[in-house]
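Note sheet for the following structure.
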Amino acid sequence: MKKTLSLCVLTLLSACSVTPESAYESGWNLKKSEGTYKECAMTWLNKDMFMAQNMDRLIALGYLTKEQAIRAAKSEVRVGDPECLAFAAFGLTRGSKLSFVNDINKNLLERKLNYSCEESNAKCPGVSITIKNGIVSSVSSLPET
């Protein structure tokens with residue numbers, strides 16, 4: 001009985017001391033989102049340099065379907081798309097603005113990406129994309145400046 005009680009106490013203590021790495025059952029977190037960015041954003045190296053072979057690679061690896069890749073190449077992002085498509089649509093845009101929303105445990109809840117038309121292939125004035133749980137949850141135009 002003492003062993004069982006000790007085991008229960010240890011289990012409870014260890015469960016309380018572990019902070020979950022994700023706010024979502026899917027396990028999506030900043031580390032996974034950054035990994036997706038590194039894999040998927042290599043399609044546009046800058047505003048005028050599209051790397052078709054990298055888009056083909058994303059299809060071969062199963063990150064995007066052929067239809068999604070066609071839309072990404074045209075920078076057509078929709079609500080419900082995987083975050084890979086959003087990253088592939090605008091690539092390694094250094095001028096983009098990023099913001100993050102975390103819960104009280106510092107787990108990533110959402111990631112917002114703002115791409116300007118001066119720095120990316122976004123239509124002017126630019127586009128704002130919000131990603132939650134690895135899925136695009138909103139797409140809107142940036143305000144005129």
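We number each residue from 1, following the sequence as shown.
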### Evaluation steps, side chain to side chain contact (heavy atoms under 4.5 Å, CB included), between N121 and W44
CA-CA 9 Å; N121 54 333; W44 289 94; 3.2 Å; yes

Item to complete: May I have the step-by-step check of side chain to side chain contact (heavy atoms under 4.5 Å, CB included) for L30 and K106, ending in yes or no?
Response: CA-CA 10 Å; L30 182 59; K106 299 183 180 177; over 6 Å; no

For [X] and [Y], which heavy atoms make the closest approach, and how far apart are they?
{"X": "A73", "Y": "M55", "answer": "N-CE, 3.8 Å"}
{"X": "Y115", "Y": "F87", "answer": "OH-CD2, 4.1 Å"}
{"X": "C117", "Y": "A122", "answer": "CB-O, 3.1 Å"}
{"X": "I59", "Y": "K66", "answer": "CD1-CA, 4.0 Å"}
{"X": "A72", "Y": "A88", "answer": "CB-CB, 4.0 Å"}

Answer whether the closest heavy-atom distance between the side chains of [X] and [Y] falls below 4.5 Å.
{"X": "S33", "Y": "I131", "answer": "no"}
{"X": "F90", "Y": "S75", "answer": "yes"}
{"X": "S128", "Y": "K112", "answer": "yes"}

Between [atom1] of [X] and [atom2] of [Y], what distance do you get to the nearest 0.5 Å?
{"X": "L92", "Y": "S120", "atom1": "CG", "atom2": "OG", "result": "12.0 Å"}
{"X": "Q53", "Y": "M42", "atom1": "CD", "atom2": "CE", "result": "9.5 Å"}
{"X": "E83", "Y": "Y63", "atom1": "CD", "atom2": "OH", "result": "11.0 Å"}
{"X": "L98", "Y": "N114", "atom1": "CG", "atom2": "CG", "result": "8.5 Å"}

Inset, instruction - Is it possible for you to say whether V139 and F100 belong to one hydrophobic cluster, with membership spreading through side-chain heavy-atom contacts below 4.5 Å? - result: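 Same hydrophobic cluster.
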
From CA spacing to verdict: side-chain hydrogen bond (donor to acceptor under 3.5 Å, both in side chains), E110, S137: CA-CA 9 Å; E110 71 178 40; S137 63; 5.5 Å; no

Just to verify, what does [X] make a side-chain contact (heavy atoms from CB on, under 4.5 Å) with, not counting sequence neighbours?
{"X": "T65", "value": "E67, Q68"}
{"X": "D103", "value": "A23, N105, N107, L109"}
{"X": "S26", "value": "Y24, W28, N133"}
{"X": "M49", "value": "L45, N46, M51"}

- request: Would you list the pairs meeting salt bridge (Lys or Arg N to Asp or Glu O under 4.0 Å) in which at least one residue belongs to residues 34-53, sequence neighbours left out?
  value: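 As it turns out, the salt bridge (Lys or Arg N to Asp or Glu O under 4.0 Å) pairs with a partner in residues 34-53, which skip direct neighbours, are E34-R111, E39-R57.
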
**Request:** Show your working on side chain to side chain contact (heavy atoms under 4.5 Å, CB included) between L85 and V77 and close with a plain yes or no.
**Result:** CA-CA 7 Å; L85 192 150; V77 180; 3.8 Å; yes

| said: Looking at E25, I want to see if its CD is surrounded by more than 12 non-hydrogen atoms of other residues, nucleotides or ligands under 6.0 Å. | reply: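 No, not enclosed.
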
task = Carefully, step by step, assess L58 and C40 under the rule side chain to side chain contact (heavy atoms under 4.5 Å, CB included).
result = CA-CA 7 Å; L58 294 176; C40 300; 4.0 Å; yes

Kindly write out the residues that satisfy side chain to side chain donor-acceptor pair (under 3.5 Å) with S138, not counting sequence neighbours, or none if the list is empty.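 S138: side chain to side chain donor-acceptor pair (under 3.5 Å) contacts with T130.
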
- Task: Look at the side chain of N29 and the backbone N and O of S22, then say whether any donor-acceptor pair between them is shorter than 3.5 Å.
- Result: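 Answer holds: no.
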
